[in-house]
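Nothing here was measured: the structure is a model prediction, and the numbers come from that model. Hydrogens, waters and symmetry mates play no part in the numbers below; they use all other heavy atoms, side chains included.
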Amino acid sequence: GGRLLRLLQGPESDPIFSSGPLGVDAPPSEPPAPAPSVTDRFIALTGAVDLRGKLPTRAGESYPRRSLPWINWFVCHHTGTGPARPTVQEVAAYQTGPGSHLPFPAIAYPLYAGADGTLYVTHDFEVVTWANGEGSPEIIAGVGVFNWRTLACCFAGDDPTPAQVQTMHRSRAATEV
């Protein structure tokens with residue numbers, strides 16, 4: 001796996017100090033803008049729709065965070081069997097609602113491919129979601145290690161549409177070296 005290395009190779013940032021007269025370093029007139037995050041670069045690269053902070057969450061709950069080198073795998077999930085193709089908003093509402101099978105703090109998938117192939121980003125990539133269930137051989141901070149090691153993309157439905165397959169391939173490729 002690429003461990004998101006392609007995204008970590010952002011443009012060179014401007015130096016904080018520029019050389020002033022007589023070799024004395026002087027601060028620039030304006031501080032440089034912060035570099036975009038890996039997630040922001042992914043959104044720019046793929047044209048994904050940014051839904052971070054815009055979907056339902058479970059009050060008072062949150063997922064842990066990790067550093068990006070924890071991520072080793074890109075995992076594809078699907079919403080279930082049958083003809084239903086729920087939207088990202090419907091999945092988030094279900095997972096954070098009273099009828100959910102687990103008390104998810106927020107939607108469990110950082111990436112979501114809609115039936116039409118639209119790619120949605122729902123969390124920063126540093127967020128450790130519960131996309132991989134409870135079958136991990138090790139638990140870290142109450143969350144299975146497989147969740148710490150993956151970046152998950154979920155597609156709506158049982159079998160992906162051709163547009164969803166293309167979106168998942170494009171997403172995986174954007175995270176590889």
I'd like to check F42 versus S37 (side-chain heavy atoms, cut-off strictly below 4.5 Å). Are they in contact? no
Would L51 end up clustered with L111 when hydrophobic side chains under 4.5 Å apart are linked, directly or stepwise? no
Are V88 and Y94 in one and the same hydrophobic cluster, where Ile, Leu, Val, Met, Phe, Trp and Tyr link if side-chain heavy atoms are under 4.5 Å apart? no
Would a hydrophobic clustering, with Ile, Leu, Val, Met, Phe, Trp and Tyr connected at side-chain separations under 4.5 Å, put F125 with I107? no
Taking E138 for the side chain and V145 for the main chain, is one N or O donor matched with an acceptor at less than 3.5 Å? no
Return the minimal non-hydrogen interatomic distance between Q164 and A113, and the atom names on each side. NE2-O, 3.0 Å
In terms of heavy-atom contacts, G157 and P86 come closest through N-CD, 4.4 Å
Walk me through whether R66 and I71 qualify under side chain to side chain contact (heavy atoms under 4.5 Å, CB included). CA-CA 9 Å; R66 63 186 163 201; I71 301 171; 3.6 Å; yes
How far does CE of M168 sit from NE2 of H77, to the nearest 0.5 angstrom? 11.5 Å
From the options T122, T39, V127, select the one residue that forms a side chain to side chain contact (heavy atoms under 4.5 Å, CB included) with R52. T39
Mind checking whether Y112 and Y109 have parallel, tilted or perpendicular rings, split at 30° and 60°? tilted
Rounded to the nearest 0.5 Å, what's the gap from OG1 on T46 to CZ on R41? Could you check? 13.0 Å
Using side chain to side chain donor-acceptor pair (under 3.5 Å) as the criterion, list what pairs up with R58, not counting sequence neighbours. none
Donor-acceptor pair, side chain of S100 and main chain of G97, under 3.5 angstrom: no
Minimum heavy-atom distance between G114 and Y120, given as atom pair plus value: N-CE1, 4.2 Å
Are V143 and L102 connected, step by step, through hydrophobic side chains (Ile, Leu, Val, Met, Phe, Trp, Tyr) whose heavy atoms are closer than 4.5 Å? yes
R172 CZ to C153 SG distance, which is reported to the nearest 0.5 Å: 11.5 Å
Distance, nearest 0.5 Å, that separates CZ of R65 from NE2 of H123: 10.5 Å
L68 with I43, same ILVMFWY side-chain cluster at under 4.5 Å: yes
Students often mix this up, so state it plainly: with edges at 30° and 60°, are the rings of W130 and Y63 parallel, tilted or perpendicular? perpendicular
Okay, side chain of D116, backbone of T118: is any donor-acceptor separation there less than 3.5 Å? yes
Shortest non-hydrogen contact from A163 to A115? CB-O, 4.3 Å
Is there a donor-acceptor pair under 3.5 Å between the side chain of N147 and the backbone N or O of V128? no
In Å and rounded to the nearest 0.5 Å, what is the CG to CG distance from D50 to L119? 10.5 Å
Test item: T79 side-chain N/O and A156 main-chain N/O as donor-acceptor pair under 3.5 Å: no
Taking A108's backbone N and O only, do any of them form a donor-acceptor pair with Q95's side chain (distance below 3.5 Å, no angle check)? yes
Examine the side chains of H78 and D159 and answer whether a donor and an acceptor come within less than 3.5 Å of each other. no
Any donor-acceptor pair under 3.5 Å linking the side chain of T87 with the backbone of E90? yes
